[in-house]
Trainee: 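Handing you this structure, nothing more for now.
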Amino acid sequence: MGEVILKDVNKIYEGNVHAIKDISLEVADREFLVLVGPSGCGKSTLLRMIAGLEDVTSGEIWIDRRVVNQLPPRDRDISMVFQNYALYPHMTVYENMAFGLRIRHFPKDEIDRRVQEASRILGIEDLLSRKPRALSGGQRQRVALGRAIVRKPKVFLFDEPLSNLDAKLRVHMRTEIKKLHQRLKTTMIYVTHDQVEAMTMGDRIAVIRDGVLQQHDTPMTLYNNPVNLFVAGFIGSPAMNFLEGKIEDKKVLFDGIRIDVPPGARTDRISNVIVGIRPEYFILDPVSPHFTAQIEVVEPMGNEIFVYFQLSKKSVVARLPADTEVRPGDTLPLRINVDMVRLFDPESGMSLFY
């Protein structure tokens with residue numbers, strides 16, 4: 001079983017720097033969980049604590065139904081793939097992949113079988129005699145993955161493994177890692193600061209800010225029902241638009257626009273709100289628009305366009321079909337998909353849907 005459980009985990013460094021704050025989280029066997037958040041939020045620290053590379057100040061980490069706080073990394077039955085690949089430059093690809101098994105005194109024929117199997121899975125059979133300096137970035141990342149695979153661990157840990165690759169190769173490699181997960185059927189915990197990576201790869205996503213777990217759920221739940229302003233603004237590209245509004249007579253008012261309170265919103269004890277609207281929930285509608293927008297900037301994206309305009313003295317972006325004929329200076333009649341509007345408490349930042 002590759003289940004990982006964190007119970008009230010804390011990490012405090014010298015100088016009372018509280019990097020991880022009471023995080024409790026369960027990762028199911030065979031699940032792909034992504035830890036996401038801005039740089040410095042503590043996600044890599046948390047991963048290193050699971051790996052045994054950082055001590056736990058308080059709380060418990062369980063792997064495969066046993067507490068591993070005091071176990072060294074080699075005894076936790078995990079494999080970790082690092083951002084910088086961490087390959088031995090003087091060894092061949094084969095030797096890099098076999099090294100961890102050799103120091104654990106695996107039989108030579110078993111080492112060869114595992115290396116050959118992993119190289120076939122990753123499509124690097126013809127690279128086994130090369131050294132890392134003769135490989136591209138994508139090939140080095142495959143070797144690093146192969147070195148992890150041969151261990152056949154219960155849990156794979158990934159610490160921003162694609163951050164050194166170019167944009168096109170990143171897209172390709174994240175697909176390959178997802179395929180690998182489906183093939184190996186092993187628990188994977190993946191750290192990234194890239195929310196697009198998180199949305200496309202994870203069965204579930206855990207969002208961390210300043211060492212605090214903000215929300216953990218499926219990608220679409222985080223996208224459609226964020227628990228607070230931070231999650232709402234961090235997940236999604238372009239980001240959710242935020243506008244100041246008021247509640248009057250069971251209506252939401254902002255910048256002269258009047259819409260119904262979205263279904264499920266708890267607004268009975270609040271008068272001021274933050275209105276959150278994702279770009280795709282502005283809809284071109286010449287028949288029954290909520291407002292008319294004067295377009296300032298148009299960004300063609302191929303399969304869609306982004307248009308920017310002002311609401312409540314803020315720049316707002318809408319995502320429209322690629323065949324929309326619009327230029328800067330034009331006006332567009334827009335309707336808002338009221339059912340998908342999110343409302344937040346301006347004081348606490350919390351969603352009014354929870």
Trainee: Between Ser312 (side chain) and Lys314 (backbone), is there a donor-acceptor pair under 3.5 Å?
Mentor: no

Trainee: Decide, yes or no, whether a salt bridge links Arg120 with Glu117 under the criterion of side-chain N to carboxylate O below 4.0 Å.
Mentor: no

Trainee: Tracing side-chain links under 4.5 Å among I, L, V, M, F, W and Y, which residues wind up in one group with Tyr308?
Mentor: Val297, Met301, Phe306, Val317

Trainee: Is there a continuous path of hydrophobic side-chain contacts, each under 4.5 Å between heavy atoms, that joins Leu165 to Leu87?
Mentor: yes

Trainee: Would the number of heavy atoms belonging to other residues, nucleotides or ligands and lying under 6.0 Å from CG of Asp55 be above 12?
Mentor: no

Trainee: Decide side-chain hydrogen bond (donor to acceptor under 3.5 Å, both in side chains) for Asn225 and Arg342; before the verdict, give the C-alpha distance in whole Å, the side-chain angles of both, and the deciding distance to 0.1 Å.
Mentor: CA-CA 8 Å; Asn225 292 295; Arg342 303 295 93 174; 2.7 Å; yes

Trainee: For atom OH of Tyr88, decide whether the heavy atoms of other residues, nucleotides or ligands shown that lie under 6.0 angstrom number more than 12.
Mentor: no

Trainee: Is the shortest side-chain N to carboxylate O distance from Arg170 to Glu197 below 4.0 Å?
Mentor: yes

Trainee: For residues Arg204 and Thr218, report the shortest heavy-atom separation together with the two atoms involved.
Mentor: CG-N, 4.1 Å

Trainee: Please confirm whether the backbone N or O of Tyr223 pairs with a side-chain atom of Arg278, one donor and one acceptor, at under 3.5 Å?
Mentor: yes

Trainee: Would Glu110 and Arg113 pass as an ion pair if we require N to O under 4.0 Å?
Mentor: yes

Trainee: Backbone N or O of Asp22 within a donor-acceptor pair of the Asn10 side chain at under 3.5 Å?
Mentor: yes

Trainee: Does Glu244 have more than 12 heavy atoms from other residues, nucleotides or ligands lying within 6.0 Å of its CD?
Mentor: no

Trainee: In terms of side-chain heavy atoms, does Asn228 have a donor or acceptor partner in Gln214 at a distance below 3.5 Å?
Mentor: yes

Trainee: Side-chain heavy atoms nearer than 4.5 Å, only ILVMFWY residues, links allowed to pass through others: does that put Leu46 and Val191 together?
Mentor: yes

Trainee: On a heavy-atom basis, which atom in Leu47 and which in Met80 lie closest, and how many Å separate them?
Mentor: CD2-CE, 3.6 Å

Trainee: What do the steps show when you test Asp330 against Leu332 for side-chain contact (heavy atoms from CB on, under 4.5 Å), and what is the final call?
Mentor: CA-CA 7 Å; Asp330 289 351; Leu332 288 180; 5.5 Å; no

Trainee: Given Asp203 and His181, is the side-chain contact (heavy atoms from CB on, under 4.5 Å) satisfied, shown in steps?
Mentor: CA-CA 11 Å; Asp203 298 325; His181 176 248; 3.7 Å; yes

Trainee: Tell me if the CZ atom of Arg65 is crowded by more than 12 foreign heavy atoms within 6.0 Å.
Mentor: no

Trainee: How many angstroms lie between atom NZ of Lys152 and atom OG1 of Thr186, to the nearest 0.5 angstrom?
Mentor: 10.0 Å

Trainee: Using atom types as modelled and distance alone, determine if a side-chain donor or acceptor of Arg140 lies under 3.5 Å from a backbone N or O of Pro132.
Mentor: yes

Trainee: Flag yes if Ile270 and Leu343 sit in one hydrophobic cluster, no otherwise; membership is Ile, Leu, Val, Met, Phe, Trp, Tyr, and two members link when side-chain heavy atoms are under 4.5 Å apart.
Mentor: yes

Trainee: With the 4.5 Å side-chain cut-off for hydrophobic clustering, are Val56 and Ile78 part of the same group?
Mentor: yes

Trainee: Would you say Gln195's side chain and Gly236's backbone share a donor-acceptor pair under 3.5 angstrom?
Mentor: yes

Trainee: Cation-pi between Arg147 and Phe99: NZ/CZ under 6.0 Å from ring centre and within 45° of the ring axis?
Mentor: no

Trainee: Quick check on Asp249: does its CG atom have over 12 non-hydrogen neighbours (other residues, nucleotides or ligands) under 6.0 Å away?
Mentor: no

Trainee: Both conditions, 6.0 Å and 45 degrees, for the charged tip of Lys178 above the ring of Phe32: are they met here?
Mentor: yes

Trainee: Heavy atoms only: give me the nearest Ile12-Thr57 pair and the separation to one decimal.
Mentor: N-OG1, 2.8 Å

Trainee: Answer with yes or no whether the hydrophobic clustering places Ile283 together with Tyr281; edges join I, L, V, M, F, W, Y residues whose side-chain heavy atoms lie under 4.5 Å apart.
Mentor: no

Trainee: Quick check: closest heavy atoms across Arg76 and Asn69, and the distance to 0.1 Å?
Mentor: NH2-O, 3.3 Å

Trainee: Run the side-chain contact (heavy atoms from CB on, under 4.5 Å) test on Asp159 and Gln83 for me, step by step, so that the C-alpha distance in whole Å, both residues' side-chain angles and the decisive distance to 0.1 Å come before the verdict.
Mentor: CA-CA 6 Å; Asp159 191 5; Gln83 177 179 347; 5.5 Å; no

Trainee: Within a radius of less than 6.0 Å around CZ of Arg102, do more than 12 heavy atoms belonging to other residues, nucleotides or ligands occur?
Mentor: yes

Trainee: For the residue pair Phe344 and Phe242, categorise the inter-ring angle as parallel (less than 30°), tilted (30 to 60°) or perpendicular (more than 60°).
Mentor: perpendicular

